[in-house]
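One-based numbering along the sequence shown.
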Amino acid sequence: MSDAARTTEIRRVTIDDPLVAPLLRELTHEYTSRYGPAGQLEMTRYPADSFAEPHGLLLLLLEDGGPVAGGAYKRYDEHTAEVKRMWTDSAHRRRGLARRVLAELERAALAAGYRRIFLTTGPLQPEARGLYLATGYTPLFDLTADPLTIGKLPFEKHL
């Protein structure tokens, strides 16, 4: 089916919504396959209410009622939202869906009163690094350094 024939919707959800299960399952698999047990820890690091309004948000991009991408933010400080849980279903990658989710998160964070987005990605996630650079995020690390020598790669964007 062509993208034009699909019905799409951005939906605000809570972490316990059954539609979020694929996001949690695939991210846990991605993180543990790249980072081992630390990946599992990352997925359980924050309480569910971290991604709940009014200080946080979890969004899903649905196509024909099913989740194909999503992402969240949580409060980092009074003026900063921290993006977490960026995900695109493995069967729907390379279609710009993550860009769309990220743009929606930025709009929602600005509407919630945040003025800055902060995020980190792992050194073994070059696709995420590329997404953040392509969407106007400023790297807070040396781009010429070997990512494996840096650890988490921090980025920011002023809204």
Side-chain angles (χ1 to χ4, degrees), residues 1-46 48 50-51 56-74 76 81-110 117-141 143-157 159:
M1 179 183 301
S2 75
D3 286 350
R6 297 174 204 259
T7 315
T8 62
E9 170 192 2
I10 293 284
R11 185 178 297 175
R12 292 174 182 231
V13 294
T14 59
I15 201 95
D16 59 346
D17 186 311
L19 288 171
V20 178
L23 176 150
L24 297 173
R25 184 176 52 253
E26 279 203 3
L27 279 180
T28 299
H29 174 74
E30 285 283 330
Y31 291 171
T32 56
S33 66
R34 294 179 195 218
Y35 302 106
Q40 179 68 37
L41 290 174
E42 174 58 29
M43 291 302 294
T44 59
R45 180 178 313 246
Y46 306 104
S50 296
F51 305 113
L57 181 65
L58 177 57
L59 296 177
L60 287 179
L61 174 59
L62 306 178
E63 282 189 348
D64 299 328
V68 294
Y73 69 73
K74 67 180 202 63
Y76 185 77
E82 182 177 9
V83 169
K84 305 297 286 178
R85 309 295 183 255
M86 286 296 298
W87 164 77
T88 301
D89 183 292
S90 58
H92 294 275
R93 293 187 178 153
R94 311 291 305 157
R95 295 179 42 214
L97 302 176
R99 273 182 188 254
R100 184 166 171 198
V101 169
L102 193 56
E104 292 290 339
L105 288 171
E106 290 169 4
R107 276 192 280 282
L110 184 60
I117 298 274
F118 173 79
L119 61 87
T120 59
T121 191
L124 299 177
Q125 294 171 265
E127 65 284 358
R129 175 183 161 154
L131 169 67
Y132 303 132
L133 290 171
T135 54
Y137 282 76
T138 301
L140 302 175
F141 61 94
L143 281 174
T144 64
D146 178 352
L148 294 176
T149 65
I150 298 171
K152 287 186 178 180
L153 308 177
F155 292 84
E156 73 173 354
K157 185 175 191 179
L159 301 174

Any donor-acceptor pair under 3.5 Å linking the side chain of Arg6 with the backbone of Glu63? no

Do Gln125 and Tyr132 get their side chains close enough for a donor-acceptor pair, meaning under 3.5 Å? no

From Arg85 atom CZ to Glu42 atom CD, the distance as rounded to the nearest 0.5 Å: 5.0 Å

Find out whether Val101 and Leu60 are in side-chain contact, i.e. whether some heavy atom of one side chain is under 4.5 Å from a heavy atom of the other. no

If every non-hydrogen atom of Met86 is compared with every non-hydrogen atom of Ala98, which pair is closest and at what distance? CE-O, 3.6 Å

With a cut-off of 3.5 Å and sequence neighbours excluded, list every side-chain donor-acceptor pair involving residues 17-28.
residue: Asp17; atom: OD1; partner: Leu19; partner atom: N; Å: 2.8
residue: Glu26; atom: OE1; partner: Trp87; partner atom: NE1; Å: 3.0
residue: Glu26; atom: OE1; partner: Ser90; partner atom: N; Å: 3.0
residue: Glu26; atom: OE2; partner: Ser90; partner atom: OG; Å: 3.2
residue: Thr28; atom: OG1; partner: Leu24; partner atom: O; Å: 2.7

Identified salt bridge (Lys or Arg N to Asp or Glu O under 4.0 Å) counterpart of Glu127 within the set Arg93, Arg99, Arg34: Arg34

Main-chain N/O of Ile117 paired with Tyr137 side-chain donor or acceptor, under 3.5 Å: no

Over all heavy atoms of both residues, which pair between Pro154 and Thr120 is shortest? Give the atoms and the distance, please. CA-CG2, 3.9 Å

In this structure, CG of Leu105 is separated from OH of Tyr73 (nearest 0.5 Å) by 7.5 Å

More than 12 heavy atoms of other groups within 6.0 Å of Phe118 CZ: yes

For Pro67 and Asp89, which heavy atoms make the closest approach, and how far apart are they? O-OD2, 4.3 Å

For Pro123 and Gly151 the tightest heavy-atom approach is CD-O, 3.4 Å

Looking at Ala72 and Phe51, what are the two nearest heavy atoms and their distance? CB-CD2, 3.6 Å

Could you give the distance from CG (Leu153) to CG (Leu140), rounded to the nearest 0.5 Å? 10.5 Å

For Leu61 versus Thr8, what's the shortest heavy-atom pair and its separation? CD1-CB, 4.3 Å

Donor-acceptor pair, distance only, cut-off 3.5 Å: does the side chain of Asp64 make one with the backbone of Thr7? yes

Roughly how far apart are Thr88 OG1 and Arg100 CZ, rounded to 0.5 Å? 12.0 Å

Distance (rounded to the nearest 0.5 Å) between His92 NE2 and Leu97 CG: 8.0 Å

Under 3.5 Å: donor-acceptor pair, side chain of Lys157, backbone of Glu106: no

Atom CZ of Arg94: over 12 foreign heavy atoms under 6.0 Å: no

Looking at CD of Glu82 and CD of Glu156, how far apart are the two atoms once the value is rounded to the nearest 0.5 Å? 12.5 Å

Side chain to side chain, Arg129 and Leu143, heavy atoms closer than 4.5 Å: yes

